[in-house]
Every structure is written in C-alpha cells, then in structure tokens.
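Notes for the one structure printed next.
None of the values given here were measured: they were computed from a predicted structure.
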Amino acid sequence: KEVHDHMKKQVETTLEKIRPALQADGGDVVLVAVEDDGTVKVKLTGACDGCPMAAMTLKQGIERILKQDVPGVKEVLPV
C-alpha cells in the first residue's frame, strides 16, 4: 500500500511536468488509476481527446517520461 501510494504521488508529480505542454495545445491529462502491476491509466481531455496524435502522445510522450521518472511504471493506458 505504501509503495503504491508513493508511486501514485510520483506519477502525479511527473504528470504536472508534462501537463503544460498538453495545455499549450488545448488538451490535458487526468490520472485515473495506478494499478499494483505498474499500469497507469489516464484520460486525455480537451483537444487531446480524439486527436489522431493522441495515441502517439500517450506512448511516445507520457508513457516514455513516466517510465523514465517513476520506477515500477510498466505501461500507460488510455481509459
């Protein structure tokens, strides 16, 4: 539980760093869940929701940065 809470805090901190770039394009990201297996679930909102580049932003941007910054993150999935 403590490890999970710590990881969730790290994910939230990292998303705060990513958020301004998304907001500059009229979008945003909302953390939905951090699972015990290292799966992070997020919802892209605003201009990001339904954008053709959203899948790439999610995998090449958000997932890459989270894996780099937060030990234990295995995958980032949209919900």
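Residue Lys9 places its NZ atom among 12 or fewer non-hydrogen atoms of other residues, nucleotides or ligands, all under 6.0 Å distant.
Taking 4.5 Å as the limit, every side-chain heavy atom of Thr14 sits out of range of all side-chain heavy atoms of Val11. For the pair Asp36 and His4, the minimum side-chain heavy-atom distance is below 4.5 Å. Residues Lys17 and Ile65 have side chains not in contact (no heavy-atom distance under 4.5 Å, counting atoms from C-beta outward). Counting heavy atoms from C-beta outward, Cys48 and Leu22 have side chains that approach closer than 4.5 Å. Residues Arg19 and Asp28 have side chains in contact (heavy-atom distance under 4.5 Å, counting atoms from C-beta outward). Side-chain contact between Val70 and Val40 is absent, with no heavy atoms from C-beta onward closer than 4.5 Å. Within the 4.5 Å cutoff, the side chain of Leu31 has heavy atoms near those of the Lys8 side chain.
Ala55 is linked by a side chain to side chain contact (heavy atoms under 4.5 Å, CB included) to nothing, counting only residues two or more places apart in sequence or in another chain.
Looking at every heavy atom in both residues, Cys51 comes nearest to Ala47 through CB-O, 3.4 Å. Looking at every heavy atom in both residues, Met7 comes nearest to Val34 through CE-CG1, 3.6 Å. The shortest non-hydrogen separation linking Arg64 to Gln60 is NE-O, 2.8 Å. Minimum heavy-atom separation, Glu75 to Lys67: N-CE, 4.4 Å.
Between the side chain of Asp25 and the main chain of Gly27, no donor-acceptor pair closer than 3.5 Å is present.
In this structure, Leu66 CG and Gln10 CD are separated by 10.0 Å, a value rounded to the nearest 0.5 Å.
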>> side-chain contact (heavy atoms from CB on, under 4.5 Å), that's the test. Do Leu58 and Val29 meet it? Break it down for me.
In response: CA-CA 10 Å; Leu58 191 74; Val29 60; 5.9 Å; no
